[in-house]
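These notes concern the structure reproduced below.
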Protein chains: 2
Amino acid sequence: MRVPMDTAPPPRPGLRERKKRRTRDALLRAAVELFVSQGYEHTTVDEIAAAVDVSQRTFFRYFAGKEEAALALEELTVAHFVEAVRARPPHEAPMEALRQAVLSGWHSINEVVESVVPVELYLRMYRVIESTPVLLAAHLRRAAESEETISRVIAEREGLDVDADPRPRLAVAVFSGVMRVTERQWLLEEEFSLAGIHALTSRYLDQVGPALLGNWRTARRTSGSEA
Amino acid sequence: MRVPMDTAPPPRPGLRERKKRRTRDALLRAAVELFVSQGYEHTTVDEIAAAVDVSQRTFFRYFAGKEEAALALEELTVAHFVEAVRARPPHEAPMEALRQAVLSGWHSINEVVESVVPVELYLRMYRVIESTPVLLAAHLRRAAESEETISRVIAEREGLDVDADPRPRLAVAVFSGVMRVTERQWLLEEEFSLAGIHALTSRYLDQVGPALLGNWRTARRTSGSEA
DNA sequence: TGTCAATTGTCAGTCGCTGTCACTAGCCTC
DNA sequence: GAGGCTAGTGACAGCGACTGACAATTGACA
């Protein structure tokens with residue numbers, strides 16, 4: 001409202017703002033480093049605060065809880081992915097748009113994350129999340145929330161009312177289910193890389209059709225290992 | 001080992017056992033009643049313990065945490081459902097077996113639950129879970145765990161290795177995704193009943209196919225409301 | 001430079017949860 | 001059926017996550 005006719009580039013944020021951002025980044029980085037190195041449960045909020053040399057109270061002013069600090073990186077990823085869905089050309093069918101969005105999302109994930117912590121750390125954090133019950137739970141809940149967001153995006157693309165037509169939510173639920181299986185399998189790999197998730201994603205999505213069909217036996221050729 | 005050749009019917013459990021069971025049931029019932037009436041967050045463990053007139057310490061000897069007490073009923077349901085899947089005739093295709101299992105599972109849910117708390121309370125508790133972030137998170141994590149269990153059951157039915165063939169996990173993930181959407185929609189209904197979930201389940205499962213297909217527009221007839 | 005408001009530290013307190021220890025009460029054997 | 005064994009419990013102390021309140025500090029802006 002201050003500068004009506006201007007696409008005003010962000011001026012300088014002011015010292016206060018910069019300081020705040022630095023504190024938050026430092027807290028987040030310290031938290032993730034501690035979580036990755038000694039585990040989530042064995043890291044106290046006091047430790048994190050001490051590592052950045054602020055009071056425990058300050059930590060809670062930046063993060064709603066320990067949990068939020070642990071999932072902050074992932075939140076970036078999710079937002080990035082939702083944007084990717086929005087960016088898909090309108091002519092793509094829903095499932096195809098979702099598929100392309102994840103694939104392109106993983107490509108550009110580097111830039112999103114690297115500004116806060118090294119990607120290396122980001123990937124390690126994923127394992128901490130998967131192996132820590134409370135974090136996994138919180139992770140799944142957030143995933144459920146983004147499913148709702150994405151459902152609305154899809155519905156809008158198709159010109160439908162999410163509450164009248166179940167297909168947007170169903171499609172997204174199915175897609176998310178597959179992505180979770182993919183993600184989980186990916187984390188099991190020894191040296192898991194961004195290239196790995198890419199390949200797995202495509203492969204698993206291609207298997208959804210066969211998985212839904214009736215007769216699995218006849219569809220198999222050698223019944224040997226294929227993973 | 002005491003009675004080698006006997007399918008020995010459970011003798012009497014002994015006074016100690018009976019007392020234990022009564023304490024647990026009382027705690028569970030009190031917990032659920034309090035959660036439903038005043039909310040999960042606003043109920044302290046001390047309150048629950050006081051309602052049954054035991055020490056707080058005793059509560060934690062029966063339940064790993066407040067959360068476990070809140071989800072204990074649901075655990076019954078899940079176990080019941082897993083059994084229902086196991087009980088399906090082997091000739092049914094995976095998705096069909098899952099579908100029939102839920103439907104038949106809902107039919108017999110009454111007996112499973114009623115022995116602990118009135119079904120009425122059980123249904124209300126579902127809403128508490130859905131509307132309480134930490135509970136919803138824990139709920140989803142448990143759901144993820146049972147997905148793994150069910151995947152193994154399905155794989156076994158089909159004579160496959162879960163780790164070699166992704167289809168069991170994919171099919172279950174897809175199915176679970178649909179069930180979650182169903183469950184969520186069901187809880188939104190004003191007067192939600194067991195009959196309601198039954199109808200919704202069938203309807204949504206039938207919509208999975210259409211939801212996965214490419215062109216949603218052409219498949220629609222009037223684009224009017226259909227929910 | 002002085003006022004205003006945002007940020008922070010300190011302190012006290014609640015709640016979930018755990019370890020410890022002594023005590024009571026079923027249970028089992030002789 | 002008396003005595004010992006052990007499971008179940010209560011009482012207490014303590015930790016860690018989190019919150020509210022208030023005072024002290026510090027950037028912002030006139």
Side-chain angles (χ1 to χ4, degrees), chain A residues 2 10-28 30-32 34-35 38-72 128 132-135 137-138 141, chain B residues 1-3 10-28 30-32 34-35 38-72 128-129 132-138 141:
Chain A
R2 279 247 196 89
R12 56 225 66 174
L15 179 61
R16 211 171 230 166
E17 290 302 315
R18 273 178 288 146
K19 216 170 181 179
K20 256 174 40 171
R21 181 178 179 82
R22 242 185 298 140
T23 307
R24 199 196 124 98
D25 283 359
L27 279 171
L28 181 51
V32 172
L34 286 168
F35 292 157
Q38 35 176 284
Y40 177 78
E41 311 270 20
H42 297 117
T43 302
T44 69
V45 174
D46 287 300
E47 270 181 300
I48 302 170
V52 184
D53 202 56
V54 296
S55 72
Q56 188 214 50
R57 198 65 182 83
T58 295
F59 173 90
F60 285 108
R61 289 202 175 95
Y62 283 96
F63 299 96
K66 210 169 91 168
E67 195 178 288
E68 196 184 290
L71 297 176
V128 175
T132 307
V134 292
L135 283 186
R141 185 175 58 78
Chain B
M1 293 307 176
R2 280 247 195 88
V3 198
R12 57 224 62 170
L15 178 61
R16 216 173 229 167
E17 292 302 316
R18 273 178 288 146
K19 218 172 183 179
K20 256 175 35 171
R21 178 175 182 85
R22 243 184 298 138
T23 307
R24 198 195 127 96
D25 283 359
L27 278 171
L28 182 51
V32 172
L34 286 169
F35 292 156
Q38 36 177 294
Y40 177 77
E41 311 271 18
H42 297 117
T43 302
T44 68
V45 174
D46 287 296
E47 271 180 300
I48 302 170
V52 185
D53 203 57
V54 296
S55 71
Q56 188 217 48
R57 197 65 184 84
T58 294
F59 173 90
F60 285 109
R61 288 200 176 98
Y62 283 96
F63 299 96
K66 211 169 92 167
E67 194 179 288
E68 196 183 291
L71 298 176
V128 175
I129 294 172
T132 307
V134 293
L135 282 186
L136 178 55
R141 186 175 59 77

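A, B, ... follow the sequence lines: proteins, then strands. Residue 1 opens every chain. Heavy atoms only: backbone and side chains are in, while hydrogens, waters and symmetry mates are out.
- No side-chain heavy atom of B:E68 sits under 4.5 Å from any side-chain heavy atom of B:Y62.
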Where do A:D46 and A:F59 land on the side-chain contact (heavy atoms from CB on, under 4.5 Å) test, with the steps shown first? CA-CA 9 Å; A:D46 287 300; A:F59 173 90; over 6 Å; no
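- D:dG27 atom C1' lies 13 Å from atom CZ of A:R22, rounded to whole Å.
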Residue pair A:F63, A:L28: steps toward the side-chain contact (heavy atoms from CB on, under 4.5 Å) verdict: CA-CA 9 Å; A:F63 299 96; A:L28 181 51; 4.0 Å; yes
Per-nucleotide protein contact string for nucleotides 5-18 of chain D, where B marks a base within reach and S marks sugar-phosphate only (heavy atoms under 4.0 Å, - for neither): -BBSBBB-----SB
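- A donor-acceptor contact shorter than 3.5 Å is absent between the side chain of B:E17 and the backbone of B:G14.
- Residues A:I48 and A:F35 have side chains in contact (heavy-atom distance under 4.5 Å, counting atoms from C-beta outward).
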